[in-house]
Amino acid sequence: MSEKKYSAGIMSQAFWFNEFKQYLNLIKNGYSTDELKKEVIEDNLFGAPNEYRAKRMYGYISNRANALENNLLNLFFSSDLATQKIINLIAVIRKDRLFFEFLYEVYREKIIIGEEKLDLADGKIFFNHKETQDDSLAEWTDATKRRVQSAYFNFMTVSNLLRSEGQKDYTITPPLLDIALERYLQANGETAIVKAITGEY
């Protein structure tokens, strides 16, 4: 489902929902890999400030798109806005093991025990725990951890898993998954993703 190694790459990304949807539309319209790359980089589809940023956005968004098989791609286009945002989130966590584990081990656990808030201290505890399991995380600076956590909270807020009440105050708002998406994930052997997002047992 996700990469074996932990990565801090998410801190260089944004949720990029509109851009992701534009990119998927091009795929739907039959664009080849070369045509997609030209559209995003040479023609600056996403309005990046420079070519370097356009290339970076292309890399990240194409990576997300590659995480969606055809059936999920079709489901994206037949779904409402809220479900499309969840599918964008799923594309991210399929490629980011640490973010998935944060959702499954922290966000889901909060829902199960009935807590309403998620705060920055929860992220700090999570990273400290992960350092004991993987030495590579111990090499991350505190600034890197803060930026990664900030990205997590941002992605969760935009995809409606959290509601921001201020810079450091977040209310947990577990979504009700579209039944077609939930059944698809379960049939695809990804019940853990359903649990991570909804807080189910």
Side-chain angles (χ1 to χ4, degrees), residues 1-2 9-25 46 57 60-61 63-65 67-69 71-126 146-188 190-201:
M1 177 193 62
S2 53
I10 198 169
M11 70 182 185
S12 300
Q13 303 180 51
F15 194 68
W16 288 326
F17 173 72
N18 291 330
E19 292 83 354
F20 182 65
K21 190 170 185 177
Q22 283 180 288
Y23 192 89
L24 294 187
N25 268 310
F46 302 144
M57 291 179 73
Y60 287 127
I61 292 174
N63 195 41
R64 290 184 199 178
L68 304 185
E69 51 279 336
N71 287 339
L72 190 51
L73 186 63
N74 291 335
L75 186 57
F76 178 91
F77 287 111
S78 65
S79 297
D80 60 20
L81 179 64
T83 300
Q84 288 181 339
K85 288 184 176 182
I86 292 292
I87 291 174
N88 186 23
L89 182 72
I90 289 168
V92 174
I93 63 176
R94 277 180 166 183
K95 295 288 187 176
D96 191 318
R97 173 186 168 195
L98 191 61
F99 188 18
F100 166 75
E101 291 180 4
F102 181 81
L103 289 170
Y104 194 88
E105 298 172 16
V106 180
Y107 181 77
R108 173 175 174 261
E109 182 66 22
K110 288 270 188 177
I111 296 169
I112 289 173
I113 64 178
E115 292 195 19
E116 297 181 353
K117 299 291 185 179
L118 186 70
D119 56 44
L120 301 182
D122 295 312
K124 186 173 183 179
I125 293 169
F126 171 76
R146 285 194 298 270
R147 290 177 64 190
V148 169
Q149 177 175 295
S150 177
Y152 290 174
F153 278 60
N154 174 260
F155 280 39
M156 294 165 70
T157 301
V158 178
S159 55
N160 301 316
L161 274 66
L162 295 175
R163 183 176 67 248
S164 176
E165 309 288 354
Q167 278 193 320
K168 298 181 179 180
D169 191 9
Y170 295 86
T171 298
I172 296 169
T173 54
L176 290 173
L177 283 192
D178 176 88
I179 190 63
L181 176 59
E182 182 172 353
R183 286 174 177 169
Y184 176 82
L185 292 171
Q186 290 171 340
N188 201 48
E190 294 181 297
T191 301
I193 287 182
V194 175
K195 293 179 177 181
I197 292 173
T198 64
E200 292 180 7
Y201 279 101

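Using a cutoff of 4.0 Å between basic side-chain nitrogens and carboxylate oxygens, Glu165 and Arg163 are scored as salt-bridged.
In this structure, Lys117 NZ and Lys110 NZ are separated by 11.0 Å, a value rounded to the nearest 0.5 Å. For the atom pair Ile86 CD1 and Glu182 CD, the distance stands at 11.5 Å (nearest 0.5 Å). The line from CG of Leu118 to CG of Asp169 is 10.0 Å long, rounded to the nearest 0.5 Å. Note: Ile197 CD1 to Asn160 CG = 12.0 Å, rounded to the nearest 0.5 Å. With values rounded to the nearest 0.5 angstrom, Gln186 atom CD is found 9.5 Å from Leu181 atom CG. Between the CD1 atom of Ile111 and the OG1 atom of Thr198 there is a distance of 7.0 Å, given to the nearest 0.5 Å.
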Asn188 and Glu190: CA distance, side-chain angles, deciding distance, side-chain hydrogen bond (donor to acceptor under 3.5 Å, both in side chains) verdict: CA-CA 6 Å; Asn188 201 48; Glu190 294 181 297; 2.9 Å; yes

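Put simply, the side chain of Thr173 gets close to the backbone of Leu161: a donor and an acceptor are under 3.5 Å apart.
Residue pairs satisfying the side chain to side chain donor-acceptor pair (under 3.5 Å) criterion with at least one member in residues 74-91, sequence neighbours excluded, are listed as follows: Lys21-Gln84, Arg64-Asn88, Asp80-Thr83.
Shown here for Phe155 and Ala14, the closest heavy-atom pair between the two residues is CZ-O, 3.2 Å. Taking every heavy atom of both residues into account, Glu200 and Arg108 meet most closely at O-NE, 2.7 Å. Here the closest heavy-atom approach between residue Ala67 and residue Ala91 is recorded as CB-O, 3.8 Å. Here the closest non-hydrogen pair linking Ala151 and Ile10 is CB-O, 3.7 Å. Here the closest non-hydrogen pair linking Asp122 and Asp119 is OD2-N, 2.8 Å.
At a threshold of 4.5 Å between non-hydrogen side-chain atoms, the residues Phe17 and Leu81 count as touching. Here the side chains of Leu162 and Ile172 are in contact, with some heavy-atom distance below 4.5 Å. A 4.5 Å side-chain heavy-atom check between Tyr60 and Glu19 finds every atom pair outside the cut-off. Using a 4.5 Å heavy-atom cutoff, the side chains of Leu75 and Leu68 are not in contact.
Phe99 meets the ring pair (Phe, Tyr, Trp, His ring centres under 6.0 Å) test with Tyr152; sequence neighbours excluded. Scored by the ring pair (Phe, Tyr, Trp, His ring centres under 6.0 Å) test, Phe126 finds Phe102 as partners (sequence neighbours excluded).
Of the candidates Tyr107, Phe15, Tyr170, Tyr170 is the only one forming a ring pair (Phe, Tyr, Trp, His ring centres under 6.0 Å) with Phe153.
For the pair Arg97 and Phe100, the cation does not sit on the ring face, since its NZ or CZ is not both under 6.0 Å from the ring centre and inside 45° of the axis.
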